[in-house]
Each structure stands twice: as structure tokens, then as C-alpha cells.
Amino acid sequence: MRIKKEGNYMYKVMAVNAGSSSLKYKLFEMPEEKVLCSGVADRIGHEDGIFVIKYDGKKVEETLPILDHTRGVELVLQALTKYGIVKSLDEIKCVGHRVVQGGKYFSHSAEFDADTEDKIDMLTPLDPLHAQAHLLGYRAFKAAMPNVPAIAVFDTAFHQTMEPEDYLYPIPFEYTEKYDVRRYGAHGTSHNYLANKGVKDYGAKRIISCHIGSGSSLCAIADGKCVATSMGLTPLGGVMMGTRTGDMDPSVMDYLATCTGKDVHELYNIFNKKSGFLGMTGISNDTRDIEDAVHKGNERAIVASKVFARRIADTIGSYFVRLGGADLIIFSAGIGENAPYFRKLILDDIKEALGLVIDYEANEKARGIEMVISKPESKIKVVVIPTDEEVMIARDCYTRIVNGRI
Ligand code: ADP
């Protein structure tokens with residue numbers, strides 16, 4: 001059923017983010033961008049899986065076996081009719097899937113067909129953590145709703161506008177050519193959302209967006225397009241994160257292999273999952289725990305926080321140069337949206353060089369809400385903007401439907 005409103009048809013579309021053990025979902029009514037429900041099938045593969053659905057201000061949570069993604073999708077679709085969110089699943093006109101790595105193949109979103117499936121499969125070595133999980137999520141929805149078109153929205157696509165001098169690594173060129181080794185970046189859907197907001201709502205031409213959460217990346221944006229980003233071949237690159245090292249001298253790998261007897265795969269795993277805040281402090285990957293520890297005087301938490309802030313400050317400085325100045329600095333994601341303590345650490349590192357005048361009261365207040373945290377006399381406006389990757393996926397679905405592209 002299509003309902004016409006103000007010259008536009010309204011459609012329900014589903015945004016999906018399938019990980020290896022979780023499947024997050026959000027159902028939108030477009031073009032209003034109204035969220036009809038959202039939730040997660042979590043602990044997939046376990047007898048004590050967790051299924052959550054939020055709708056109409058209510059939240060239902062159940063613990064039950066969710067042994068695979070297919071079961072997770074079944075639970076989502078059953079819940080939609082069970083709680084009266086849709087009368088029939090036919091109302092859903094498109095399913096948009098978040099995909100982390102689009103490699104050299106995708107500079108835009110794509111219809112999720114057999115060709116897209118093959119390419120994502122081929123990209124698995126570049127994203128062993130997510131690629132197969134995305135495919136599991138896609139196949140589970142396809143099996144349950146075979147006639148509903150699906151699209152893939154790639155985290156890397158927004159970064160495909162970078163120039164070679166921004167994305168090439170100085171390694172033997174044959175490796176670049178033969179194995180497609182280069183900077184791809186990640187979090188592109190979030191940076192794209194923030195870029196749109198920065199241009200539309202703040203009139204900014206030169207934007208530095210800081211998506212800092214458990215994974216963190218920065219992006220330099222000129223006229224709404226990415227010119228540089230901090231994550232690299234994989235999301236391990238760039239600034240320090242919850243459990244990831246970010247950039248460091250590549251010889252650390254060889255040296256530690258010699259010292260510890262561990263092989264490259266073990267060390268790679270440690271750099272991905274046991275480093276960052278978790279590795280430096282031995283406390284947690286979560287900055288809420290780190291902040292508590294800082295307030296109790298924990299030396300390692302204090303120095304880790306400073307390293308984290310310094311890496312981000314250095315990247316902001318280099319993007320300021322790359323963009324020939326900046327009009328807007330955006331903080332977003334788990335830490336960027338909710339942690340005044342870490343924003344202050346970062347801003348105090350850059351404020352003198354960049355002529356920032358921070359409104360510290362506003363910085364304290366800005367928790368999960370959009371708010372300007374610089375004073376009018378600041379040379380660059382600084383703003384907190386909650387990101388919304390799902391709405392970008394929903395917009396993509398909607399545009400394709402109304403343009404007849406799916
Ligand atoms: P992801 O989507 O990559 O899982 P998020 O962007 O949601 O990550 O960020 C999650 C992280 O944000 C948490 O691990 C924690 O470090 C940080 N975070 C979330 N809320 C707060 C808060 N209120 N104060 C400080 N840090 C927070």
C-alpha cells in the first residue's frame with residue numbers, strides 16, 4: 001500500500017546493521033524519517049540470545065536462543081506484526097544493509113544483488129571482522145522477504161573522493177596495484193551525514209568531523225566531499241581507539257614478534273582487540289570507566305586519555321592544513337556526543353593554534369544533543385552533532401524507490 005502525502009509517496013524502509021553476533025535494525029517511515037521501531041537481535045549464536053524491540057515509547061526485551069542470523073531476522077519480522085508496527089510485511093519496500101568495506105568496487109551504495117554479494121565476499125580479506133556477517137544478514141532477509149529489494153550502503157564509499165596523494169601508501173607500487181593496498185577509511189556513512197548537516201545547517205565549506213566512539217575516525221571535508229580520513233586499509237588505522245592502536249610505526253609488529261614469539265596474526269589481533277584504552281590501562285575499553293579511573297588518580301588512565309586526545313588533536317591540526325583552514329569542527333558518536341571530559345582534553349590541545357574560544361558551560365551540557373560549544377568570537381565553530389547512520393541508509397532506500405532504481 002502506498003499513501004500519497006504532499007506529492008510524495010510514503011514508504012516503510014528497514015535499515016540493518018548486521019555484525020558477527022548482533023543484528024541491529026530500525027524501521028523508518030519515509031520521507032518523514034519517522035522511526036517506527038528499532039532494536040537488536042544480540043548474542044547471535046548463543047542459547048541466551050537477547051532480542052530487543054523499541055516502539056511507541058515502549059521497550060520489550062527477551063532472552064531466548066538465537067542460534068543464527070536467520071533466526072534473528074525471523075524474530076525481527078515476527079515482532080513487527082506482533083506489536084502492530086506493520087499490518088503486513090508487504091508494507092516494507094526496501095531493506096538497506098550497512099556494509100563496512102566496499103573496497104575499490106563501490107563509490108556509492110549499490111543494489112544488493114548477486115554481483116554485489118560476490119564483490120563483498122571477495123573483499124573479506126580486507127574486512128575479516130564484518131564482511132561475512134553482512135552477507136549473513138543480507139541472506140537472512142532475502143530468504144524471509146525474497147521480493148523486497150535490498151541495497152548495500154558502504155562505510156568506505158564516502159571516502160572514494162580522496163586524491164591519490166591522500167590514499168596511497170608508500171610501499172612498492174606492485175603491491176598497491178596487485179593487492180589494492182590503500183587507505184579506504186571507514187565510518188563514511190556517519191561522516192557523510194555530518195557533512196550534510198554541516199553544509200546545510202551551518203553553511204560550512206571546510207569541515208573537520210570527529211566520529212569518536214569505540215571505533216574512532218576523523219574526516220576532512222571540503223564542499224561536502226571527503227578529502228582525507230584517518231582510518232586506513234582497515235579500521236585499525238588512524239587515531240587511538242577503545243581497543244585499537246591506531247597508526248604506529250609498522251616496525252612495532254616485527255619487534256614485538258621477535259620479543260614475544262607471537263606471529264603476525266596474534267599480534268594483529270592484539271592491536272585490534274587488546275590495545276587502545278583497554279591495552280594501555282588494563283581497565284576497560286569504555287571511556288566512562290576510564291574517566292572514573294582518571295578521577296581516582298589512576299596514572300595509566302590519565303596518560304592514556306592524554307594520548308587519545310593528542311592523536312585526535314594532531315589529526316585535527318593536519319586536516320586544518322589540508323583544508324586550508326576550517327569553518328566547523330564536529331564531535332559525534334559515543335564519546336564525541338556524550339563525553340565533555342574528552343572533548344575538553346582535545347579542544348585544549350588545539351585551541352591556541354586554531355584560535356578557538358570554547359564555551360565550557362555548553363561543552364558540559366552537550367550530552368547526546370546537538371549543541372554549539374564554541375563562543376561567537378571563536379575562529380572556528382565547534383559543534384556536537386549526534387550522528388545517524390541509519391537515516392542515511394533509509395534516505396538512500398527512499399531515493400532509489402522514488403527514482404524507480406529498485
Ligand atoms: P560503536 O557504535 O562503535 O559501538 P559508539 O559510537 O556507540 O560505538 O561509542 C561507544 C563508546 O562511547 C563507549 O565504549 C564509550 O567509550 C563511549 N561513551 C558512550 N557514552 C558515554 C558517556 N556518557 N560518557 C563517556 N563515554 C561514553
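When a ligand or atom number is given, it counts from 1 through the structure's own listing order.
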Quiz item: Can a salt bridge be assigned to the pair Glu117 and Arg139 using a cut-off of 4.0 Å between side-chain N and carboxylate O?
Solution: yes

Exercise. Could you list the residues that satisfy ring-ring contact (aromatic ring centres under 6.0 Å, His included) with Tyr169, not counting sequence neighbours?
Key: none

Exercise. Give the residue and atom name of whichever protein heavy atom lies nearest to atom 24 (N) of ligand 1, and the separation in Å to one decimal.
Key: Arg288 CG, 3.4 Å

Quiz item: Can you check side chain to side chain donor-acceptor pair (under 3.5 Å) on Tyr105 and Asp180, steps first, answer last?
Solution: CA-CA 11 Å; Tyr105 300 115; Asp180 301 318; 5.4 Å; no

Exercise. Identify, by atom number and element, the atoms of ligand 1 in contact range of Asn338, meaning under 4.0 Å from any of its heavy atoms.
Key: 20 (N), 21 (C), 22 (C), 23 (N), 24 (N)

Practice problem: Compute the shortest N/O to N/O distance between Gly334 and ligand 1 and return yes if it is under 3.5 Å, no if not. | Solution: yes

Quiz item: Just by distance, with hydrogens left out, do Arg311 and Ser216 show a side-chain donor and acceptor under 3.5 Å apart?
Solution: no

Quiz prompt | Where ligand 1 meets Ile335 - atom numbers and elements under 4.0 angstrom, heavy-atom basis | solution = 12 (O), 16 (O), 17 (C)

Quiz item: Got a sec: does the OH of Tyr175 have more than 12 other heavy atoms crowding it under 6.0 Å?
Solution: no

Quiz prompt | Tyr193: ring-ring contact (aromatic ring centres under 6.0 Å, His included) partners, not counting sequence neighbours | solution = none

Quiz prompt | Under 3.5 Å: N/O of Thr287 near N/O of ligand 1 | solution = yes

Quiz prompt | Option of least heavy-atom distance to atom 11 (C) of ligand 1 (set: Pro340, Ser214, Gly242, Gly215) | solution = Ser214

Quiz item: Got a protein heavy atom sitting under 4.0 Å from atom 4 (O) of ligand 1?
Solution: yes

